[in-house]
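What follows is a set of notes on a single structure, which appears directly below.
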Amino acid sequence: MSTQLTRPPAGARAAEDGNGRSERRLPTWVPWAVFGAAAAIAFGIEALTDFTVVLAVIYTIVLGVVANYALSRSVEGRRRATDRLVTSVVTCAFAIAMVPLVSLVWEVVSRGARRLDGEFFNSSLVGIIGEGGGAYHAIMGTLIITLLTTLISVPIGLMTAIYLVEYARGRLKRSITFFVDVMTGIPSIVAGLFAYALFALFFGPGVRLGIMGAVALSVLMIPVVVRSAEEVLKLVPNELREASYALGVPKWRTIVKVVIPTAIAGLGTGVTLAIARVVGETAPLLVTVGITNATNVDPFDGRMATLPVYAYYQLTQPGVPPENAIDRAWTAALLLIALVMGLNVVARLISRFFAPKTGR
Amino acid sequence: MAKRIDCSDVNIYYGNFLAVEGVTISIEPRSITALIGPSGCGKSTFLRTLNRMHEVIPGARVEGKVVMDGQDLYGSDADPVTVRRQVGMVFQRPNPFPTMSIYENVAAGLRLNGTRTKKAEMDELVESSLRGANLWEEVKDRLDRPGSSLSGGQQQRLCIARAIAIEPDVLLMDEPCSALDPISTLAIEDLMAELKERYTIVIVTHNMQQAARVSESTGFFNLNGIGQPGRLIEFNPTEKIFSNPDQKATEDYISGRFG
Ligand SMILES: Nc1ncnc2c1ncn2[C@@H]1O[C@H](COP(=O)(O)OP(=O)(O)OP(=O)(O)O)[C@@H](O)[C@H]1O
Ligand SMILES: [Mg+2]
């Protein structure tokens, strides 16, 4: 044994490369430089021939990845080279995935900023032909209908999730889970038609009410709340429930005082993200709430305006000249994106501040 | 108020799996009963039937009779919640409530049950429980810190404090010292010796010396093979178990000549 240890075994160089101490490594800036050079070459070629950005980008990626691999292979050896290959492929994939997102945000911000003024937030469209006007009525409508949706969906969704995690067993549990899954996939227009048909039974055809929109959105939001809450409640360790039972605490008090407080961060995050999911829904609101030009804050009385539907009508029926309405549509879209982003930030803050403190 | 527990012919199931079979045992009040045996032989399972925690697991059920001072724990009129208030439990793994402070953890038994208690009384109860669990000196300056900020051993003592704060008649402890250093272990043993004046204590332990040191009676559980139910092989005064047990298996286990 000892002779084997002292004698350098065959392939010692490879082993040395493997433990990463004595080998040669490329400095960190090299891969970036390679990509830079690849970009220069690719854009150069494109400029000489017929310039298209997309082709140049594709050339850059292919050239950069291949060159990096070859360079690394010759300097660092095979294992590192494979590592670099995978790293660069993954990084490129990420960059490509970011392109639509960045360009979308850029487009909406640059176009929407034109009408991002006080008037947009302060006035409705009453008596507006052409310039000016705002979306005050649509903003209020979106806030009211989203609030109502939340008020309907959160209790129902949370209680369903609690039932599924804490009480349901066997067949019943499986079938509820199945139907919730099906509901998650319901096309939003179907939810809208459902709410419309439901209310048409009582109020006759052609009825438009804010509350109808809230019902339609609830059909979409409840399954999202159920799923996220279910996942979070399942994460609460059973030991905590048992600790509580062992103190002679009844099941319902255990759920209210131990399980829910432990899961509150995740529940809050889930609810917030579910709100973000429905706040920009257009189709169901189109058929249930309609649109108006005036401010209506009573969800039980007639049509209301909402931001997505507002954007839709401003874009599809802009009137003459169209520019003003189209600008308003983009600003409404910008507001919607800001709302969704804001809700996501809120979700993160909730999970940060309400998470159980380990505080070691 | 310590109470005696009589079990007769108790079978314990997880679904269709018979985990423990035919246990008949009398647990004396104001004494410590130790349960020993190899891993997986059903000590925890049996312990959990004594406060009806076993049935919390889906599909789990118990056959036979468990009688505590004349009250049938599995009778049709027995309420598991009431039983658990009388029979406290400390689990194998420490499980303080992560959302609660140290103080709230100790007060949890009363607070969660919605019992209204004056602040001063509660303070006193928390202090005496923490002193009882030998944790007071370590945490008295940070009672409002989260319970999960303590070390593993401290968390276990916190759980003991939480269990004795509701002043049960019987205290079940499932390997309470397996996460503790020798000093805390001794402290827990002293605590048990003190508590047995008032409570009936049943402790599961893998530590023979501990069983020999603290208990009056010892029960030895064993199983014949994998998938076989665990059985109570021998139940006798601790001195007898450790000096001349009735069963060969007990002697083998205790002397380490096992398997
Ligand atoms: N939740 C459960 N579901 C199904 N079977 C279980 C469950 N918990 C325990 N068992 C089984 O019951 C038997 C006894 O387990 P138990 O936990 O009581 O052992 P133990 O004596 O406490 O062991 P240890 O000393 O390792 O804690 C084992 O065969 C185990 O696999
Ligand atoms: Mg155990």
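We name chains A, B, ... by the order of the sequence lines, and we start the count at 1 in each one.
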Quiz item: More than 12 heavy atoms of other residues, nucleotides or ligands under 6.0 Å from CZ of A/F194: is that the case?
Solution: no
Practice problem: Might you confirm whether atom CZ of A/R348 has over 12 heavy atoms from other residues, nucleotides or ligands at distances under 6.0 Å? | Solution: no
Exercise. Quickly, which of B/R52, B/R84, B/M89 forms a side-chain contact (heavy atoms from CB on, under 4.5 Å) with A/Y245? Name it, please.
Key: B/R84
Quiz item: Taking all non-hydrogen atoms of both residues, which atom of A/L247 and which atom of B/A108 are closest, and how far apart?
Solution: CD1-CB, 4.2 Å
Quiz item: Do you know which two heavy atoms are closest between B/F91 and A/A243, and how far apart they sit?
Solution: CE1-CA, 3.9 Å
Quiz item: Hey, is OH on A/Y167 packed in by over 12 heavy atoms from elsewhere, all under 6.0 Å?
Solution: yes
Self-check item: Which portion of B/V83 sits near chain A, non-hydrogen atoms under 4.5 angstrom
Solution: neither
Exercise. Looking only at non-hydrogen atoms, find the nearest pair between B/P98 and A/T262 and report the distance.
Key: CG-CG2, 4.0 Å
Quiz prompt | A/P250 versus B/R85, closest heavy-atom pair with distance | solution = CD-NH2, 4.0 Å
Self-check item: For chain A, the option from B/L172, B/N113, B/V81, B/N95 that forms the most heavy-atom pairs under 4.5 Å
Solution: B/N113
Quiz item: Hey, which residues of residues 123-137 of chain B are touching chain A, say heavy atoms under 4.5 Å apart?
Solution: none
Practice problem: Tell me, yes or no, whether the heavy-atom count around A/R169 atom CZ, taken from other residues, nucleotides or ligands under 6.0 Å, exceeds 12. | Solution: yes
Exercise. Specify the closest pair of heavy atoms between A/E239 and B/R93, including all atoms of both residues, with the distance to one decimal.
Key: OE2-NH2, 3.4 Å
Quiz item: Does any heavy atom of chain B fall under 4.5 Å from the side chain of A/T254, the backbone, both, or neither of them?
Solution: neither
Exercise. Identify the heavy atoms of A/K257 and B/M100 that sit nearest to each other, and give their distance.
Key: O-CE, 4.3 Å
Quiz item: Does NZ belonging to B/K65 count more than 12 external heavy atoms closer than 6.0 Å?
Solution: no
Practice problem: Would you check if A/R253 and B/L112 make a side-chain contact, meaning some heavy-atom pair closer than 4.5 Å? | Solution: no
Quiz item: Do you know which of A/L240, A/N238, A/V258 has the most heavy-atom pairs with chain B at a distance under 4.5 angstrom?
Solution: A/L240
Quiz item: Under 4.5 Å between any side-chain heavy atoms of B/V56 and A/R241, yes or no?
Solution: no
Quiz prompt | Interface residue of largest heavy-atom contact number with chain A, from B/P96, B/P58, B/G88, under 4.5 Å | solution = B/P58
